[in-house]
J.: 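One structure, pasted below without further comment.
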Amino acid sequence: QVHLAESGGGSVQAGGSLTLSCAVSGEFFRTVAMGWFRQAPGSERELVARITEDNIADYADSVKGRFIISIDTFRNTGYLQMDNLKPEDTNVYFCNVAIMYPYAARPSDYWGQGTQVTVSS
């Protein structure tokens, strides 16, 4: 079983910064990608940033130049550094990992419980 523990959410004023963390624990073989998503009530979950095992990162247009995604493979922890936060970034942020197991046809997805980020103007 794989467990994701998120932390780092909170409340900041516009222009401020937060860093979200996602610690991955349990039995897993190979993490092929880690991503951060966000979801507002009544809305679909949207991709914020994603990084592959080859260190290729991709960002939503709305956060490019402000957010940075990274992985510390030694600590099995992923990070989302968020700078110059805007009120429209207010959301619940979810960590996601895609893990590839031996002999599996496709990766398995795991999700964290979500952490609230609130940006006031």
Side-chain angles (χ1 to χ4, degrees):
Q1 188 67 24
V2 176
H3 180 66
L4 278 62
E6 298 152 339
S7 61
S11 298
V12 296
Q13 289 190 328
S17 299
L18 286 172
T19 299
L20 305 182
S21 299
C22 177
V24 183
S25 61
E27 296 183 3
F28 56 94
F29 182 69
R30 189 176 110 233
T31 301
V32 297
M34 173 178 280
W36 289 93
F37 292 72
R38 61 189 181 189
Q39 184 174 25
S43 300
E44 292 188 356
R45 194 168 293 187
E46 64 170 355
L47 176 67
V48 176
R50 187 172 183 264
I51 187 168
T52 69
E53 60 181 336
D54 299 321
N55 256 341
I56 298 172
D58 188 30
Y59 298 90
D61 288 341
S62 59
V63 306
K64 283 181 181 177
R66 299 190 297 123
F67 291 11
I68 298 175
I69 188 171
S70 61
I71 295 180
D72 183 338
T73 54
F74 181 76
R75 293 178 175 83
N76 293 324
T77 301
Y79 303 95
L80 183 67
Q81 179 182 334
M82 306 185 294
D83 297 321
N84 191 20
L85 282 161
K86 302 177 181 180
E88 51 264 43
D89 293 319
T90 295
N91 237 309
V92 179
Y93 286 71
F94 296 87
C95 177
N96 165 269
V97 291
I99 294 175
M100 194 69 189
Y101 292 95
Y103 311 115
R106 60 184 61 85
S108 298
D109 275 322
Y110 297 90
W111 293 90
Q113 78 285 357
T115 185
Q116 177 70 45
V117 172
T118 302
V119 185
S120 58
S121 57

J.: Establish whether Phe37 and Val92 are linked, either directly or via other cluster members, by ILVMFWY side-chain heavy-atom contacts under 4.5 Å.
T.: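 In one cluster: yes.
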
J.: Counting N and O atoms only, with roles assigned by atom type, does the side chain of Tyr59 sit under 3.5 Å from a partner on the main chain of Ile69, one being a donor and the other an acceptor?
T.: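 Side chain of Tyr59 to backbone of Ile69, a donor-acceptor pair under 3.5 Å: yes, one is there.
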
J.: Quick check for you: to the nearest 0.5 Å, what is the distance between Glu53 atom CD and Thr73 atom OG1?
T.: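 Between Glu53 CD and Thr73 OG1, I get 11.5 Å after rounding to 0.5 Å.
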
J.: At their closest point, which heavy atom of Ser120 faces which heavy atom of Pro87, and how far apart are they?
T.: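 Shortest heavy-atom contact: C-CG, 4.4 Å.
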
J.: Identify the heavy atoms of Leu85 and Leu18 that sit nearest to each other, and give their distance.
T.: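 Shortest heavy-atom separation between Leu85 and Leu18 comes out as CD1-N, 3.8 Å.
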
J.: Do Val2 and Trp36 belong together in a cluster built from hydrophobic side chains that touch within less than 4.5 Å?
T.: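 Both belong to a single hydrophobic cluster.
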
J.: Parallel under 30°, tilted from 30 to 60°, perpendicular over 60°: which one fits the rings of Trp111 and Phe94?
T.: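 Aromatic pair Trp111/Phe94 classed perpendicular.
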
J.: Counting only heavy atoms not in Arg45, do more than 12 sit closer than 6.0 Å to its CZ atom?
T.: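 Buried by this count: over 12 neighbours within 6.0 Å.
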
J.: Mind running side-chain contact (heavy atoms from CB on, under 4.5 Å) on Arg50 and Ile56 for me, showing each step along the way?
T.: CA-CA 8 Å; Arg50 187 172 183 264; Ile56 298 172; over 6 Å; no

J.: Short question: side chain of Glu6, backbone of Gln113 - any donor-acceptor pair under 3.5 Å?
T.: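 Yes; at least one donor-acceptor contact below 3.5 Å.
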
J.: Got a second to check how far Leu80's CG is from Tyr93's OH, nearest 0.5 Å?
T.: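 One gets 7.5 Å once the value is rounded to the nearest 0.5 Å.
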
J.: Once rounded to the nearest 0.5 Å, what's the spacing between atom OG1 of Thr115 and atom CG of Asn91?
T.: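 Between Thr115 OG1 and Asn91 CG, I get 11.5 Å after rounding to 0.5 Å.
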
J.: Where do Cys22 and Met34 land on the side-chain contact (heavy atoms from CB on, under 4.5 Å) test, with the steps shown first?
T.: CA-CA 9 Å; Cys22 177; Met34 173 178 280; 4.3 Å; yes

J.: Nearest 0.5 Å please: distance from the CD1 atom of Ile71 over to the OH atom of Tyr79.
T.: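 Separation between the atoms: 10.5 Å.
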
J.: Out of the candidates Asp83, Asp89, Asn84, only one should pair with Arg66 under the side-chain hydrogen bond (donor to acceptor under 3.5 Å, both in side chains) rule; please name it.
T.: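 Checked Asp83, Asp89, Asn84 against Arg66; only one passes side-chain hydrogen bond (donor to acceptor under 3.5 Å, both in side chains): Asp89.
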
J.: Measuring from atom CG of Asn96 to atom CG of Leu47, what distance do you get when rounded to the nearest 0.5 angstrom?
T.: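 Spacing of CG (Asn96) from CG (Leu47) equals 9.0 Å.
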
J.: As an exercise, state the distance from CD1 of Ile68 to CE of Met82, rounded to the nearest 0.5 Å.
T.: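 It comes to 12.0 Å.
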
